[in-house]
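Down below is the structure, laid out as structure tokens.
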There are 2 protein chains.
Amino acid sequence: MTPAARRVLEAAARLFYERGIHAVGVDLIAAEAGVTKKTLYDRFGSKEQIVVEYLADRDERWRAFLAQCLDAAQPVSAARVLAVFDASRAWSAKNSSKGCSMVNAHAEISDPAHPAYPIITGQKEWMLALFTDLAGDIAPGGAVQLGRTLMLLHEGALVAHGLHIFPDPISHAREQAQTLLATTGGAAAKR
Amino acid sequence: MTPAARRVLEAAARLFYERGIHAVGVDLIAAEAGVTKKTLYDRFGSKEQIVVEYLADRDERWRAFLAQCLDAAQPVSAARVLAVFDASRAWSAKNSSKGCSMVNAHAEISDPAHPAYPIITGQKEWMLALFTDLAGDIAPGGAVQLGRTLMLLHEGALVAHGLHIFPDPISHAREQAQTLLATTGGAAAKR
DNA sequence: TCAGGAGTATACCGATCTGTATAGTGAGCC
DNA sequence: GGCTCACTATACAGATCGGTATACTCCTGA
């Protein structure tokens, strides 16, 4: 990726997240990136493609960040679940003051045929699979159930964080997850 | 409100929710409502005002629907909490296949100075107050804590419902709320 | 009867939208 | 020297954006 293309993607990412995808035009993106529209179209071909790469890049970075956080966590499933919430809190503090970018993008992209759609649903499916996987070690019989509950707590926390309805909702969700794991997993949580 | 104005608001509500606010122009709204732009502007004055009335109307209808559901529920706080989830499930089934309209609008309206902003945050604050109020009867010492947890479960369920990541997330959230109330409230929940 | 409100039809405004065209500059590379 | 690639500058296309203007019809109520 050329330097100009990177600047375009960075400008687009910031503008799309802060103002919304449909509210931002390519002229503004080009201007903010210090690039002409010609360059922008030479590199990306269309605004839609910039949207796709914006979401794909953000998805990739989040997964890499989370993987790094999980590597640093203890190899115990209960601790790893809590590490996911810790990762979300750290990530949201500096990247997501307006809530989850995938959820926000989903509000604007309704057509399932849109090339960005699978990126959005893909991340959520991946997160659910992660929670369910970890839940399987804690409560083998109720992995699906527990995984879904963790997913709800996590998604709710991201929304609450973006809406600023009460302070530090992600930490609150983490605590709730902790007590949930303690009561659900029992001795398995301490394995 | 004149018949034409009502048709405009109905068309705008449907289009805004399904396609996003910024993605829908006034020409389309007028055409779908079977109304000229002249009439539209005579009644509402601006697109922004239509957005405000769309959200205010939806907020009002949701509160009225919820109040009706709560009136039909047993006068026991634990039952009433579950009634909120039941109301959400019924409401979402026919009005919110794409998730919470307030959350979706928040993705597009970032400016706190926008006249629609207080409607969005107002509904969420009201819901949190409702949960906290009901939680106060169940666990007087931890009303704030419990209210926030219920809020997270509820918001998470709405997001999960809109994203279709697993079937019937609102019922799942309801069940989790139920076990949460049983363990937190203890005997008080059965009062 | 007639005034006024609700509505239609149509044309227009300047601005902005996504996307394309032509022309040219500068650096690195064989 | 020549060639390619990344990039700039500028202008423009066709469509749509929010919003306004003029001129008209229909219906209701005093």
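Order of the sequence lines sets the chain letters (A, B, ...), proteins ahead of strands, with each chain counted from 1. Excluded from the calculations below are hydrogen atoms, water molecules and symmetry mates; all remaining heavy atoms, backbone and side chain alike, are included.
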Side-chain N or O of [X] closer than 4.0 Å to phosphate OP1/OP2 of [N]:
| X | N | answer |
| --- | --- | --- |
| T39(B) | dT8(C) | yes |
| T36(B) | dA9(C) | no |
| K38(B) | dT8(C) | no |
| R6(B) | dA6(C) | no |

- Query: Just by distance, with hydrogens left out, do S110(B) and R19(A) show a side-chain donor and acceptor under 3.5 Å apart?
  - Reply: no
[X] [atom1] - [N] [atom2] separation (whole Å):
| X | N | atom1 | atom2 | value |
| --- | --- | --- | --- | --- |
| K47(B) | dT16(C) | NZ | C1' | 13 Å |
| Y41(B) | dC17(D) | OH | P | 11 Å |
| M1(B) | dG5(C) | CE | P | 19 Å |
| L28(B) | dC17(D) | CG | P | 8 Å |
| F44(A) | dT20(C) | CZ | C1' | 18 Å |
| I29(B) | dT16(D) | CD1 | C1' | 14 Å |
| L40(A) | dA9(D) | CG | C1' | 15 Å |
| R43(B) | dT8(C) | CZ | C1' | 13 Å |

- Task: Give a yes or no on whether E60(A) atom CD has more than 12 heavy-atom contacts from other residues, nucleotides or ligands under 6.0 Å away.
- Result: no
Have a look at [X] and say if it touches a base, only the backbone sugar-phosphate, or nothing, with a 4.0 Å heavy-atom cut-off.
| X | result |
| --- | --- |
| T2(B) | sugar-phosphate |
| V24(B) | sugar-phosphate |
| D42(B) | nothing |

- Message: Check this for me: does the side-chain of K37(B) come within 3.5 Å of the base of dG19(D) through a donor and an acceptor?
- Response: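 Result: at least one qualifying N/O pair found.
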- When D27(B) and A4(B) are each assigned the nearest nucleotide of DNA chain C, the 5'-most assignment goes to A4(B)
- Message: For G25(A) and V35(B), find the nucleotide of DNA chain C closest to each by heavy atoms; which residue's nucleotide sits nearer the 5' end?
- Response: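 Between the two, 5'-proximity favours V35(B).
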I'd like to know if the side chain of [X] and the backbone of [Y] have a donor-acceptor N/O pair within less than 3.5 Å.
| X | Y | result |
| --- | --- | --- |
| H161(B) | S96(B) | yes |
| R80(B) | L134(B) | no |
| K37(A) | A30(A) | no |

